[in-house]
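First up is the structure itself, then whatever we jot down about it.
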Amino acid sequence: MMKRLLVLTLATAFVWGQAGTILAVTPGSSSYGDGPGCGLGAQIFHEKNILHQVLAATTNGSFGTQTFGITTGTLGCSNNGKFVSIEHATMFANLNFDNLSQEMAQGGGEHLASLATLMGVPAEQQPAFFAMTQEKYAALIQSGETTPAAMLKALHETMAVHPVLAKVSLAR
């Protein structure tokens with residue numbers, strides 16, 4: 001008996017929640033737009049009428065596909081690649097911090113070249129990147145205090161004010 005009451009209560013709340021959404025956003029109102037944006041729901045329900053928008057939003061909300069799509073840049077969503085690039089660079093720096101530190105002091109190396117690529121530095125600007133890391137080594141790598149995250153933060157800040165590298169900095 002309690003189980004039925006719980007199911008009935010949840011079903012009623014769901015229906016009223018959907019009805020509230022439909023009534024709150026009606027065709028012709030100023031908030032009626034292009035729909036839920038991206039995600040699996042937007043991929044399945046292409047029409048721009050209110051019923052399809054509600055179904056798309058419900059699908060996205062029920063399965064978390066919009067969050068997944070935004071994070072990965074799939075399902076019609078775009079994250080401009082910044083989140084993924086920053087995460088890749090962070091993971092790489094965590095795994096290769098000692099090698100990166102050494103190559104920054106030397107002004108080049110395969111680990112530093114890989115980091116530059118992960119950070120979106122074009123091949124033609126990598127020599128400027130290598131020179132900058134060698135020149136600013138003391139500020140980028142502080143003996144005993146620096147973590148990979150702190151090094152990347154300092155690297156982004158230094159790139160942001162560099163005359164050549166400022167355009168490729170992910171730290172905007």
Side-chain angles (χ1 to χ4, degrees), residues 25 29-48 52-53 56-172:
V25 182
S29 74
S30 61
S31 61
Y32 184 77
D34 290 333
C38 63
L40 182 62
Q43 297 296 306
I44 294 171
F45 303 102
H46 298 288
E47 299 293 319
K48 296 299 180 193
H52 284 125
Q53 288 186 11
T58 302
T59 301
N60 288 342
S62 298
F63 299 105
T65 60
Q66 194 167 34
T67 304
F68 174 80
I70 291 169
T71 303
T72 61
T74 59
L75 297 173
C77 303
S78 173
N79 65 14
N80 298 329
K82 287 186 180 182
F83 176 77
V84 175
S85 293
I86 290 169
E87 288 303 309
H88 285 162
T90 302
M91 192 179 331
F92 184 81
N94 284 329
L95 293 172
N96 298 288
F97 183 67
D98 292 334
N99 291 327
L100 286 169
S101 177
Q102 188 175 38
E103 291 178 9
M104 290 169 82
Q106 296 169 352
E110 67 182 47
H111 294 92
L112 193 56
S114 296
L115 180 64
T117 300
L118 289 171
M119 294 177 68
V121 178
E124 64 272 5
Q125 294 178 353
Q126 287 187 10
F129 178 80
F130 301 150
M132 184 267 306
T133 60
Q134 187 176 30
E135 178 186 332
K136 304 288 185 181
Y137 177 78
L140 298 172
I141 305 293
Q142 299 168 358
S143 177
E145 298 176 26
T146 300
T147 63
M151 183 266 299
L152 282 173
K153 181 178 183 232
L155 191 56
H156 287 300
E157 290 170 355
T158 304
M159 286 176 65
V161 296
H162 191 274
V164 174
L165 301 171
K167 293 177 184 157
V168 297
S169 177
L170 294 175
R172 293 178 201 150

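Everything numeric here is computed off the predicted structure, so don't read it as measured data. We use all heavy atoms of the structure for the numbers below, so side chains are in, but hydrogens, waters and symmetry mates are not.
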Next on the checklist: Is any side-chain heavy atom of Phe97 closer than 4.5 Å to one of Leu152?
Outcome noted: no
Next on the checklist: With a 4.5 Å cut-off on side-chain heavy atoms, are Val121 and Met159 touching?
Outcome noted: yes
Checklist entry - Looking only at heavy atoms, what is the nearest atom pair of Phe130 and Gly108, with distance? => result CG-CA, 4.2 Å
Item to check | Taking every non-hydrogen atom, the tightest pair across Met151 and Ala93 | outcome: CE-CB, 4.1 Å
Next on the checklist: Walk me through whether Lys136 and Leu155 qualify under side chain to side chain contact (heavy atoms under 4.5 Å, CB included).
Outcome noted: CA-CA 9 Å; Lys136 304 288 185 181; Leu155 191 56; over 6 Å; no
Checklist entry - Roughly how far apart are Leu100 CG and Thr133 OG1, rounded to 0.5 Å? => result 9.5 Å
Next on the checklist: I need the full list of side-chain hydrogen bond (donor to acceptor under 3.5 Å, both in side chains) pairs touching residues 91-101, with sequence neighbours left out, sorted by first then second residue.
Outcome noted: Asn99-His111, Ser101-Tyr137
Checklist entry - Can you name the closest pair of heavy atoms from Ala139 and Ala154 and give their distance? => result O-CB, 4.2 Å
Next on the checklist: Quick check: closest heavy atoms across Ala166 and Ala160, and the distance to 0.1 Å?
Outcome noted: CB-O, 3.3 Å
Next on the checklist: So, using side-chain hydrogen bond (donor to acceptor under 3.5 Å, both in side chains) as the criterion, who are the partners of Gln126 when residues are at least two apart?
Outcome noted: Thr117
Checklist entry - Can you name the nearest heavy-atom pair linking Ala89 to Met119, along with the distance? => result CB-CG, 4.0 Å
Item to check | Atom pair NE2 (His162) and CD (Glu135), whose distance is rounded to the nearest 0.5 Å | outcome: 7.0 Å
Next on the checklist: Under a 3.5 Å distance rule, please check whether Gln134 uses its side chain to pair with a backbone N or O of Met104 as donor and acceptor.
Outcome noted: no
Checklist entry - So do Gln106 and Leu112 actually touch side chain to side chain, heavy atoms under 4.5 Å? => result no
